[in-house]
Amino acid sequence: MVLELEKRLDARVRAVLKEKYSLDVANVPLETPPDLHLGEIATPIALQLARTLRKAPKIIAQEIVAALGSVEGFARFEVAGAGYINAYLDRAAAARMVAAPQSSRPSQGPLHAMVEHTSINPNKAAHIGHLRNAILGDTFVRLLRAAGYKVDVQNYIDNTGVQVADVVVGFLHLEKKSLAEVRTLIADCEKRCAGVGGHAAGIDYYCWDLYARTSSWYAEGTTEDQAERKKIRLDTLHLLEHGGNETAEVAELISTAVLRRHLETMLRLGIEYDLLPRESEILHLKFWEAAFEKLKQTGVLYFENEGKNRGCWVMTRPGTLASTASGGRSGSTASGDLSGSQASGETDEDAKVIVRSNGTVTYVGKDIAYHLWKFGLLGRDFGYKRFFTYRNHECWISAEHGEADHPHFGGATAIYNVIDSRQSDPQANVIQALRGMGHADQAEHYTHFSYEMVALTPRCAEELGYSVSDEDKKKAYIEVSGRKGFGVKADDLIDKLIATVQPLVDEKQAASPEPVRRQIARQIAIGALRYFMLKVTRNSVIAFDFKDALSFEGETGPYIQYAVVRIRNIFRKGGTTPEAILAEFAKQASRQVGKPASQQESVPDAAAAAEVLKGRDLSRAANAEKNDGALAPEESALVSYLSGEENEDIWSLWLRAGRFSQVLEQCINTSEPAYLAKHAFQLAQEFANFYHRHHILTEEDPARKTFLLASAAVALRELVRALALLGIESPEAM
RNA sequence: GGGCGAGUAGCUCAAUCGGAUAGAGCACCGGCCUUCUAAGCCGGGGGUUGUGGGUUCGAUUCCCGCCUCGCCUACCA
């Protein structure tokens, strides 16, 4: 509702500026006034135009207001302060818009987005840092879908990297297990893990410890030992990359089993994927070779003959002098060319190595190839196999030889990579490469959806039994590390949340059967966890602490869920439903239809404008009377319910409920789900305020009671909708 | 050395494109359960927005200097 009215006002003001001052303004700055007394929408446009027009802002504001005339949906405009124009909504009309049945949003055209998130190395259990990634990514997927995008969700799996190699070294060289023994171990873990609360028996937990042990094993022993172990590590990595050997088979077994655990963990949070592209296929299907040719042809990569990167294929980094120099770098390999610019004569020591002097490709190189595929620019495709079945769909995994019948992936128009901010440099390199290859449009629609890490407070680390150095104790937070086995595992945290909330649920819902109570505890636990990760904006580090994470009061998911439950209780006790009430409300509105459109939007002639200006204190009802003659009784009642000092909290609730699409748009434009989290909390707060001030079921005036119920129904609908987009369920009771 | 990000109430965080009186939660203090669930509500104390300049009608926001912290900057992945 608010978004629609803002757009209407924006268009009207721009038209006025064009008409009156011959000014073309791209868009009119609109903001929310600090107080409802100052209206619902405001613009400081007159302040901005004062210089250009060489006039006092207040005069400009008055002229604009006079020229605006009456605008449908608005009751009046006022000039206030130094020259603000404050717009006051037609509250009854606004409420009708909010209460109206929500039309299913039409698709916004061929918007095809690809969101990559989670992407945990499949060599250990997921931890809280991975939770932030997955929750952010999954929430953004929900937002994009709500806005009409077709979205493919990808979870990239680095199954042939050094991290998997490390845990393979652990199995083969520390534990000296055979392929058969590894297979037995995995089967055994899966069996034990299936029991209730059996996450700790999972292969991912097993690997968590083994990976940490292996990491320290590399650093132990004599210098000769260390050299030998380092060689074992590198040889193992190469065996994995190459494939077709027993070591690679061990890696395949482990990484696949761990991956399955990750999917199960994420499913506890309601997070699902469509595709799992793996590095092994990127290697074996020769994605890099195809990309390499294109990179050479376009001159993005050049061969370095001099300096520390001699013998490598490198590319210039974005933002460096060399990258901004005009012309391609393809010719600069000729060392004889010393003419012209400073950059071309010198070797770029800062360049990014893509192909090493031994001919192997770096991670960024493979990533460039992968992203060409994402945009449908590579000319090659994965094979696909079914891997994991969800309630409503199938998750596919890449394969060298896939199934014949599979959905189409790749060829997106926009991609979002949920990757922590530490990787902004390699991400920037990939974007730079795309741009250099002439894919400016794709580079433009490549979003590194970056976020800061989750770290532990020193206190939390000590609570968990880790020894914390004096140096670390002074820090605000300590980075988690899978390599050191330092962190909070995702399943442990979820279990702890459930264990914390379960007694509370058992007490308050003692009459409910046990499975219902378990379900509620799970919903609250997940709600608390997801909200905890989403309420903070992406670029601030989360210093994790159990005290905050296990809180169910204040600005938390459960607070919002509680508001939902209270509303549901009102309808339950009142013997009606939100749907019935809103239908009743809509019926009243339909009696208002039938007035000619020409009267709704009156032509702004000078006399009328002057009247509006002069009659600032004209009540909205009086205005309406001027347009429509007499108001229907329901309508004048609605006006009175929504105005006056004692009803400001109710209007505030309706107004907030009407902000959904505005907030959704803001979230998508800024890739920031935190705004929706904040919105949901504020709406819940407005409702709590309303709930305590107006007792609905004891209201004696039936018309007012219906209105109060409609207010609750609208709040419920919007709370449930916002929570759903945050991936938080709305319990029936709690 | 260079790049990116951050510094706001005791703590954790907000603050839209530069706008009106810088807001929430936690913690603390004081009230409110015979009324639709107290996982709640109301009230209170709390701020030189790291620091010094600049830009202008107006700066937490933009520019420059300085201080502090984190991350990145490997022929690791």
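Below, chain A is the first sequence line, B the second, and so on; all start at residue 1.
Rounded to a whole angstrom, the distance from the P atom of B/C57 to that of B/U51 is 25 Å. Taking atom C1' in both B/U61 and B/U8, one finds a spacing of 12 Å when rounded to whole Å. Nucleotides B/U35 and B/G40 place their C1' atoms 15 Å apart, quoted to the nearest Å. When the C1' atom is compared between B/G45 and B/C26, the two are found 15 Å apart, to the nearest whole Å. Only the C1' atoms considered, B/G43 is 44 Å distant from B/C4, to the nearest whole Å. The P atoms of B/A24 and B/A15 are separated by 15 Å, rounded to the nearest whole Å. B/C64 sits 24 Å from B/C71 when the C1' atoms are compared, rounded to a whole Å. Spacing between B/C29 and B/G65 at atom P, rounded to whole Å, works out to 47 Å.
Between the CG atom of A/L550 and the P atom of B/U12 there is a distance of 18 Å, given to the nearest Å. Distance, A/L234 CG to B/C75 P: 15 Å, rounded to whole Å. What separates CZ of A/F687 from P of B/C36 is a distance of 13 Å, to the nearest Å. With rounding to whole Å, A/Q48 atom CD is found 20 Å from B/U55 atom P. Rounded to whole Å, atom P of B/A6 lies 11 Å from atom CZ of A/R538. Going from atom CG of A/N429 over to atom C1' of B/G3 covers 12 Å, rounded to whole Å. Across the protein-nucleic acid pair, A/Y691 atom OH and B/A39 atom C1' stand 12 Å apart, rounded to whole Å. Between the CD atom of A/E306 and the C1' atom of B/C75 there is a distance of 17 Å, rounded to whole Å.
Taking only side-chain nitrogens and oxygens, A/R317 never comes nearer than 4.0 Å to OP1 or OP2 of B/U73. The side chain of A/N27 places no N or O atom within less than 4.0 Å of a non-bridging phosphate oxygen (OP1 or OP2) of B/C17. The side chain of A/K475 places no N or O atom within less than 4.0 Å of a non-bridging phosphate oxygen (OP1 or OP2) of B/C69. Side-chain nitrogen and oxygen atoms of A/Y675 include at least one within less than 4.0 Å of the OP1 or OP2 phosphate oxygen of B/A15. In this structure, A/R566 reaches the B/A38 phosphate: one of its side-chain N or O atoms is under 4.0 Å from OP1 or OP2. A/N569 has a side-chain polar atom (N or O) that falls below the 4.0 Å cut-off from OP1 or OP2 of B/U37.
Contact annotation for A/K366: backbone-only contact, meaning every heavy-atom pair under 4.0 Å involves sugar-phosphate atoms and none involves a base. Residue A/N86 is in base contact, counting any heavy-atom pair closer than 4.0 Å across all strands shown. Heavy atoms of A/R483 sit nowhere under 4.0 angstrom from any nucleic acid atom. Within the 4.0 angstrom heavy-atom criterion, only backbone atoms of the sugar-phosphate kind lie near A/V541; the bases stay farther away. In this structure, A/H694 reaches the bases: a heavy-atom distance under 4.0 Å links it to at least one base atom across the strands shown. Heavy atoms of A/V314 sit nowhere under 4.0 angstrom from any nucleic acid atom. Using a 4.0 Å heavy-atom cutoff across all strands shown, A/T32 reaches at least one base atom of the nucleic acid. Residue-level contact check: A/E279 touches the backbone only, with heavy atoms under 4.0 Å from sugar-phosphate atoms and none from bases. Heavy atoms of A/A712 sit nowhere under 4.0 angstrom from any nucleic acid atom.
Tested against A/R459 for a salt bridge (charged side-chain N to carboxylate O under 4.0 Å, His left out), the candidates A/D545, A/D472, A/D548 yield a single pass: A/D545.
In this structure, B/G46 makes no Watson-Crick or G-U wobble pair, since no nucleotide meets both defining distances under 3.5 angstrom. The nucleotide B/A9 finds no pairing partner, because no Watson-Crick or G-U wobble arrangement with both distances shorter than 3.5 Å includes it. Using the Watson-Crick or G-U wobble rule with both distances under 3.5 Å, B/C41 pairs with B/G31. Searching all strands for a Watson-Crick or G-U wobble partner of B/G1 with both distances below 3.5 Å returns B/U73. Here B/C17 sits opposite no nucleotide as a Watson-Crick or G-U wobble pair (both hydrogen-bonding atom distances under 3.5 Å).
Counting only heavy atoms from C-beta on, A/Y562 has its side chain closest to B/A38 among B/A38, B/U35, B/A20. Here the nucleotide nearest the side chain of A/H692, chosen from B/G40, B/A39, B/A20, is B/G40. When the nucleotides B/C75, B/U37, B/A6 are ranked by their closest atom to the side chain of A/C312, B/C75 comes out on top.
A/W313 and A/F303 have perpendicular rings, their planes meeting at more than 60° on a 0 to 90° scale where under 30° would count as parallel. Ring orientation note: the planes of A/Y446 and A/H371 are tilted relative to one another, at an angle of 30° to 60°.
In summary, the side chains of A/N417 and A/Y156 do not present any donor paired with an acceptor at a separation below 3.5 Å, with no hydrogens or angles considered. Side-chain contact annotation: A/Q523 with A/Q561, donor-acceptor N/O pair under 3.5 Å absent. Judged by distance alone, the side chains of A/Y559 and A/Q685 never bring a donor and an acceptor atom under 3.5 Å apart. No hydrogens or angles considered: a donor-acceptor pair under 3.5 Å links the side chains of A/D166 and A/Y218.
Between the base of B/C72 and the side chain of A/S424 there is no donor-acceptor pair shorter than 3.5 Å. For A/N309 against B/A74, no side-chain N or O and base N or O form a donor-acceptor pair under 3.5 Å.
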Next on the checklist: Does the protein touch nucleotides 24-31 of chain B at the base, only the backbone, or not at all? Give it as B, S and - per nucleotide, heavy atoms under 4.0 Å.
Outcome noted: SSS-----
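Counting non-hydrogen atoms of other residues, nucleotides and ligands closer than 6.0 Å to NE2 of A/H692 gives a total above 12.
A salt bridge links A/R704 to A/E699: one of the charged nitrogens lies within less than 4.0 Å of a carboxylate oxygen.
An anti base is found at B/C67: its glycosidic angle is more than 90° from 0. With its glycosidic angle more than 90° from 0, B/C69 is assigned anti.
Note that A/R566 lies in the cation-pi zone of A/Y691, set by a 6.0 Å cut-off to the ring centre and a 45° limit from the axis.
The two atoms that bring A/L534 and A/A677 nearest to each other are O-CB, 3.8 Å, heavy atoms only.
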